[in-house]
Amino acid sequence: MAKLLQRVEVNLRSFYVFNSSYCKREGEEDKKVLFYHPNDIELNTKIKDVGLSEAIIHFTGTFTSDDDCQALHTQKTTQLFYQPEDKYWMVLVLNVPKEVRLKDGVEVADYRGAEICDRIYRAILKQCYQMFRFLNGTFNCIGWEEQNLDQRRELLCQKLQAFYDKYLTTLKDLAHCDIVDMLHSIQYMPLDKSLFLRAQNFRMLSEAFPSIKETVMLYQEQILCGGRLLPEDLYCLHSYIVKNVLKDDANSSTIAVSPSLKRSISESPFDGFVRAQLAGEGDGQDTGEESPLKIYISLEKKLMPYYMLIYRALNITLCLFIDAEEPEPKQAFYDELHAYMASQLKALARDVASELAKEAAGATGHDSSSESAPKYLFINEQSLQHHSNLPRLVPQTIPRNVMSIIADLSHPFDKSGLDSSPAEELQVKTTNDYWIVKRCCNFRQYYVILCNSKATLLDVTQEARRIFEQELTDDVFFDK
Amino acid sequence: MDSSNGIHYIELSPNPIRFDAVSQLTNVFFDDSNKQIFAVRSGGATGVVVKGPGPTEDTVISFCMNDRGGSIRSIKFSPDNQILAVQRKENAVEFICFQGDQPLLQDIITHQVKTNIYGFVWVHSREVALISNTGVEVFSIVPEKRQVRSVKSLSIGIKWFAWCCDAHVALLCTSEGNALIPVLVKQKVITKLPKVDLGTPNREVEESKVTLGQVYGVLAVLILQPNPLTFQMEVEVHLLNGPGLAPRKCHVLRLSLMGRFAINTVDNLFVVHHQSTGTSLLFDIALPGEVINDVTYHAPITPGRSIKPFALKLPSLSPDGQILQCELYSTHWVLFQPNIVIDAKLGCMWYLNLCIEPLCQLISDRIRLTELLLQRSNGKPVLLKVLAQLMDDQYKGTLIPVLETIFNRINKIYASWVQLELQSQTAQPSNVKTSSVKQATPPIVLIDQLDMVQIFQRIAHRSYTEAILMMYLQSLNKFNIAAQEDLSKIIITELIHNRSFDTLRRLVSYSMLLESKSVACYLLANSDVDTAISQVAIDMLGRIQAHEIIIEVMLGQGKVIDALRLAKNSLGLEKVPARKFLEAAHKTKDDLIFHSVFRFFQMRNLKLYETLSFPKTEQCTEFIQHYNNTFMTESAIKPQTA
């Protein structure tokens, strides 16, 4: 019997961005490589890797359409390809999980490439791009004013370097990425309708301050109202806020509250405008007149730059988007905004908090998040809103294969047909006695995960129905 | 006169009642109960002309009566104009019965008492109350027996009295202690009410300083008095709205002027005329003011302005006529409650009217203006106009909080009306006495959703329309009023126009829009804009259990199997129309779907009719044919059973 000595989980091998059109003649192959992680390897290896990917893409292109090459599995690696913009390719190379066993006194590596779910990691690759675009705009638009192609390339390389060096280090442990990472979905805060309307009507701010084009409000890590942002943009914004603004709660050293607002610090350390230093924006030194963060979102069907001001009052984080065509907001503008909304926003935050406290008090007794309780995941394809009790923070309570199966079962949201995919119901039993029940109806997908080795089909159906009825409280159309 | 900048918020009614002016021969009396003007020539011997307001034109009664000695002190008709009461002596009243509009002069009933009569008022067509120095007594007049019978009396020493005919209340000033006691005098009833609290005991109030008026359905005793500190005049307003109609000092109107004043009430506003400046001040006790010790101190709504000048057309032989500019605030003016102005010298009787539109121009605070207009009888069209302007050409982003407050004011009244209507609806079936169920009186100004929708329609597709609509919805929600169809549709239209699908989705999930087939179909009709809309529409249909529409939508999308499952679950197996589904399945040109649907109905046939074949009435022959052609030929090798 082979003895398991060690298991190495999936990890990042390399990540690169290239554009073949930058290589005009032989000998300039290095120009194709726009970004390569890890940086500290020989240029020749980088060029070779890019060349190989290029070849594979080219080769598969003869069988399918241009950007259809999605993944390449080798014994030791899995490569994922994504072409976000014309001629620009992003490649994520993963080391597949391996188990080292002792067989007849010899260490043998057993590569488990099949455990990797392409769709999850492709979604992560895609998010790498979306996040870059959110903060820097598209690859194509960087340095568009530059005539010289080489200088343009240089500028892009710098941006990529600055962004991804930081981004890749903060990337979630790849071994723990699951269906929720794949879906890029967001949790909305369920609120009483009058509170919702109050939060919603905070968007009136843009009436009093016409330069404000859109507002998004979060309460802790949940969205209160997302304005007109597309779900993808909202996801980027959400992950940005969670990673950069809320994370800093623990160590407020990187937050610079503008001087005029320091008075309120005694009340709560996070009230007022948040002016954080970011990758690519300043060098971490507080120069006093920092420019506001510039982000790229599409409000009017077109990707446009906006200044994003982040304002915090108690647990509410308010993001204001200001047209970047206009001059940068001045300190007076911040002060005026602060005076206008500080008290209102705080009152709202307190009311939300008391509402949550009330709900929490009412909900004691039935604890659905316990380990043994059945897990569920509901996703609205339209809003990318999810509702779930999957344990996100405690990894590996649900085996990987179950997560991978769900990932495989789920519909891709990319194709935007007018009609929802037909209603369906699926039941899958995994080799390790998990059951997955999937239903979908009216642009929504519902999954229930049960673990019961002795369950019959009938039991599973009934249990799933019970959960659907219990948890589907928001009264959407669902043909039970 | 002060008419320089031409804005006047008070005017005299355009068609005054004309009567013979006061002269050596003619005496003029006014009865404020019947609003009749009596022009008495030579003590009645050469004629009495009675003019009063009628529904279309003035009513005129003219007759003669003999001068029975003593000049007339007071003359009043009973409410039905059948008995005329005339006081010529201080201790006697004569009652003259009428037949048609002529007096039966032979049947004069003279009622003599031992006291000093201050006056009399008719409380019913056959009952009159005499107020004298010893009290109030109600008499019943029986013309047939030529009798006057005492019905009820109240003994109290009286110095003077004032009468408010609308409230049937006499305010008595007692000779002992100078207390002001309101007394409710009705047919056969005299009810003494708690006295007016004048603050200091034994304070003497002159008759000329007291006015009785009714605002917002409550009787008010208004006492003019100088402020002890500034010596500027103030009006104390005692409202009879305490327990047992006890008067309470609730308001003080600050006039900030000195001199002679007269008070009227117009459309629930107090109008205080100041003779020396020739201006009239408006006060609304419903508006907020400065509150000190539970008493609200009011300043005039706007600085005082004069009554609109009045040009009287005099009858003349020349074709262009002669026009006389009437002197306003003339010394010949006598004011009666609630809003009557009589110029005895000119022989004119006017009503005072409120000119609301000029008033609006003088009030720049839109919230205060809204509050004012919400209480005015013809405020609705003006308020709607103001609102429309605010949202249209006067719109500014900074107006949003103002609009929010205005919406809340409007909807507070709207909500109370919705509540009242609901109560009257629920009360009706259980209540035995249907006649006793009072028709709830609507608020003075009711601005409901439909009124607002008309304004919103005018500003459709502007950048700020969504913001305004959402705020209106929030205000409605605050007062628990559900959005109706028109409002829901206009909100949907704006949200779709602005591509605010997330907001739309959440409004529907919170049931904040009307859930009806019509609204859902409106959503469906717009579902080509974005798939999010069709999802929301189906959710709404699902919630109102409109399965038949969802089935149609699904069939339209070619999702025959989904539709069939839903039909089976919602309609029941036996009610699913086979032909419809087979036809839809056939249209998809998908053999698998057609096969599944066909087999489903075959199984149904087996269950219901114990045979695979379809009943004739379902007219499915062409589909049976199609099934046989498609699927049977390939398996024709197999021997056919059945």
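All values below come from the heavy atoms of this structure, side chains included, with hydrogens, waters and symmetry mates left out. Chain identifiers are assigned alphabetically (A, B, ...) following the order of the sequence lines, protein sequences preceding nucleic acid strands; residue numbering begins at 1 within each chain.
- Heavy atoms of A:L191 lying under 4.5 Å from chain B belong to its backbone as well as its side chain.
- A:N201 places a side-chain N or O within 3.5 Å of a backbone atom of B:M470 that can act as its donor or acceptor partner.
- Of all non-hydrogen atoms in B:S511 and A:K193, the two that sit nearest each other are O-NZ, 4.4 Å.
- Qualifying ring-ring contact (aromatic ring centres under 6.0 Å, His included) partners for A:Y306, counting only residues two or more places apart in sequence or in other chains: none.
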Test B:E466 against A:R203 for side-chain contact (heavy atoms from CB on, under 4.5 Å), laying out the working first. CA-CA 10 Å; B:E466 182 190 333; A:R203 290 175 58 203; 3.5 Å; yes

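- With a 4.5 Å cut-off on non-hydrogen atoms, B:F501 does not touch chain A at all.
- Using a 4.5 Å heavy-atom threshold, the side chains of B:M512 and A:L197 count as touching.
- The shortest distance between side-chain heavy atoms of B:L403 and A:E207 does not fall below 4.5 Å.
- For the set B:I400, B:L399, B:T398, B:I561, the entry with the most heavy-atom pairs within less than 4.5 Å of chain A is B:I400.
- In B:K568, the NZ atom is not crowded: 12 or fewer heavy atoms of neighbouring residues, nucleotides or ligands sit closer than 6.0 Å.
- No hydrogens or angles considered: a donor-acceptor pair under 3.5 Å links the side chains of B:Q535 and A:N380.
- Heavy-atom distances place both the backbone and the side chain of B:R499 under 4.5 Å from chain A.
- Only the side chain of A:Y340 comes within contact range of chain B, with heavy atoms under 4.5 Å apart.
- The minimum heavy-atom distance between B:D502 and A:G226, with the atom names listed, is OD2-N, 3.7 Å.
- The two residues B:Y510 and A:D192 have their closest heavy-atom pair at CE2-C, 4.3 Å.
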